[in-house]
Amino acid sequence: MEKPKNHTIAHSFVMALMIVLMGIFINNLVFAAKDYYLNTHANYEKVYATIVRYELTNGRYDYNKSYSTFYEYEADEMVYSGIWQRLIYDEEDAKAQVGKKVPIYVDHTLKRHTQTLSFSSGAMWFAGTISLVCFVVFINSFILETIYIAKWVKYKKSEDKKQSEIR
């Protein structure tokens with residue numbers, strides 16, 4: 001009985017892939033948890049930013065054009081800015097929004113801002129779940145390969161013992 005090399009190669013590939021994916025998703029989990037913690041513990045106050053411009057963001061042809069509007073708010077020697085609305089299909093609608101005041105929430109101490117105060121922990125759950133699945137697949141593959149190697153070593157020892165008894 002020869003030990004098939006494909007078996008070990010496949011398990012090694014799966015284990016390496018799972019370690020890489022687990023590392024990526026654990027990293028995402030840490031960043032999502034930090035972001036969620038900062039957002040939920042920030043002292044946001046409602047302020048009004050001004051829509052300062054619009055840009056063509058999608059399409060070059062008349063049938064597929066869309067625009068985005070951008071806001072800015074200046075305070076504490078900082079400029080808080082971002083995209084207010086995407087996928088505006090009429091340029092006149094986008095142009096009409098320039099100069100409008102829109103509500104945003106700013107924490108002047110942390111220098112953070114957001115458009116809404118509803119924060120979701122979905123990114124943490126997603127990254128954590130994928131990390132856990134990768135860990136389980138890694139452990140499964142590791143255990144299966146370890147058992148297979150142990151059986152193969154036991155078989156080789158019994159074969160060697162048989163060979164030495166025959167001589």
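Fair warning: this is a prediction, and the values are worked out from it, not measured in the lab. We number each residue from 1, following the sequence as shown.
In F138, the CZ atom is crowded: over 12 heavy atoms of neighbouring residues, nucleotides or ligands sit closer than 6.0 Å. Under a cut-off of 6.0 angstrom, the local environment of NZ in K111 is crowded, with over 12 non-hydrogen atoms contributed by other residues, nucleotides or ligands. Counting heavy atoms of neighbouring residues, nucleotides and ligands inside a 6.0 Å radius, atom CZ of F142 does not exceed 12 of them.
Salt-bridge formation is not detected for the pair K157/E159: no Lys NZ or Arg NE/NH1/NH2 atom is positioned less than 4.0 Å from an Asp or Glu carboxylate oxygen.
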**Message:** Under the criterion side chain to side chain contact (heavy atoms under 4.5 Å, CB included), I'd like the reasoning laid out for H11 against L144: C-alpha separation, chi angles, the key distance, then a yes or no.
**Reply:** CA-CA 8 Å; H11 279 285; L144 288 175; 3.8 Å; yes

**Request:** Would you please test R112 and D35 for side chain to side chain contact (heavy atoms under 4.5 Å, CB included) and show each step?
**Result:** CA-CA 11 Å; R112 294 176 65 87; D35 196 47; 2.6 Å; yes

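Here the CD1-CG distance, from I24 to L29, works out to 14.0 Å after rounding to the nearest 0.5 Å. Put simply, CD1 on I130 and CE on M22 are 13.0 Å apart, with the number rounded to the nearest 0.5 Å. Here CG of L38 is found 8.0 Å from OG1 of T40. Values are rounded to the nearest 0.5 Å. Atom-to-atom distance recorded for D90:CG and K65:NZ is 11.0 Å, nearest 0.5 angstrom.
Residues I26 and S131 share a closest heavy-atom pair of N-OG, 3.3 Å. S68 and I83 get closest at one heavy-atom pair: CB-CG2, 4.3 Å. The nearest pair of heavy atoms linking A49 to Y73 is CB-CB, 3.8 Å. Closest approach of Q97 to I51, counting heavy atoms only: O-CB, 3.4 Å. For the pair F25 and A127, the tightest heavy-atom approach, listed with the atom from each and the gap, is O-CB, 3.5 Å. Of all non-hydrogen atoms in Y54 and K95, the two that sit nearest each other are OH-CE, 3.3 Å.
For the pairing with Y44, the side chain to side chain donor-acceptor pair (under 3.5 Å) check across T114, N39, D107 returns one residue only, N39.
E145 and T8 share a side-chain donor-acceptor pair at under 3.5 Å. Looking only at atom types and distance, the side chain of Y80 has no donor-acceptor partner in the side chain of E74 under 3.5 Å away.
Proximity of I104 to V106: side-chain heavy atoms (C-beta onward) are separated by under 4.5 Å at one or more points. The shortest side-chain heavy-atom distance between K151 and Y155 does not fall under the 4.5 Å cut-off. Q85 is not listed as a side-chain neighbour of Y67, based on a closest heavy-atom distance of 4.5 Å or more. Using a 4.5 Å heavy-atom threshold, the side chains of I88 and T69 count as touching. Between E55 and F70 the shortest side-chain heavy-atom distance falls below 4.5 Å. Looking at T50 and Y71, their side chains never come closer than 4.5 Å, going by heavy atoms from C-beta outward.
L17 and V137 end up in the same hydrophobic cluster when Ile, Leu, Val, Met, Phe, Trp and Tyr side chains are linked at under 4.5 Å. Both V47 and V102 are part of a single hydrophobic cluster, where members link through side-chain heavy atoms under 4.5 Å apart. F31 and W125 are not part of a single hydrophobic cluster, where members link through side-chain heavy atoms under 4.5 Å apart. There is no path of hydrophobic side-chain contacts, each under 4.5 Å, that joins Y105 to M78. Hydrophobic clustering of Ile, Leu, Val, Met, Phe, Trp and Tyr side chains at less than 4.5 Å, counting indirect connections, unites I143 with F135.
A donor-acceptor pair is defined here as one N or O able to donate and one able to accept, closer than 3.5 Å; such a pair exists between the side chain of H113 and the backbone of S81.
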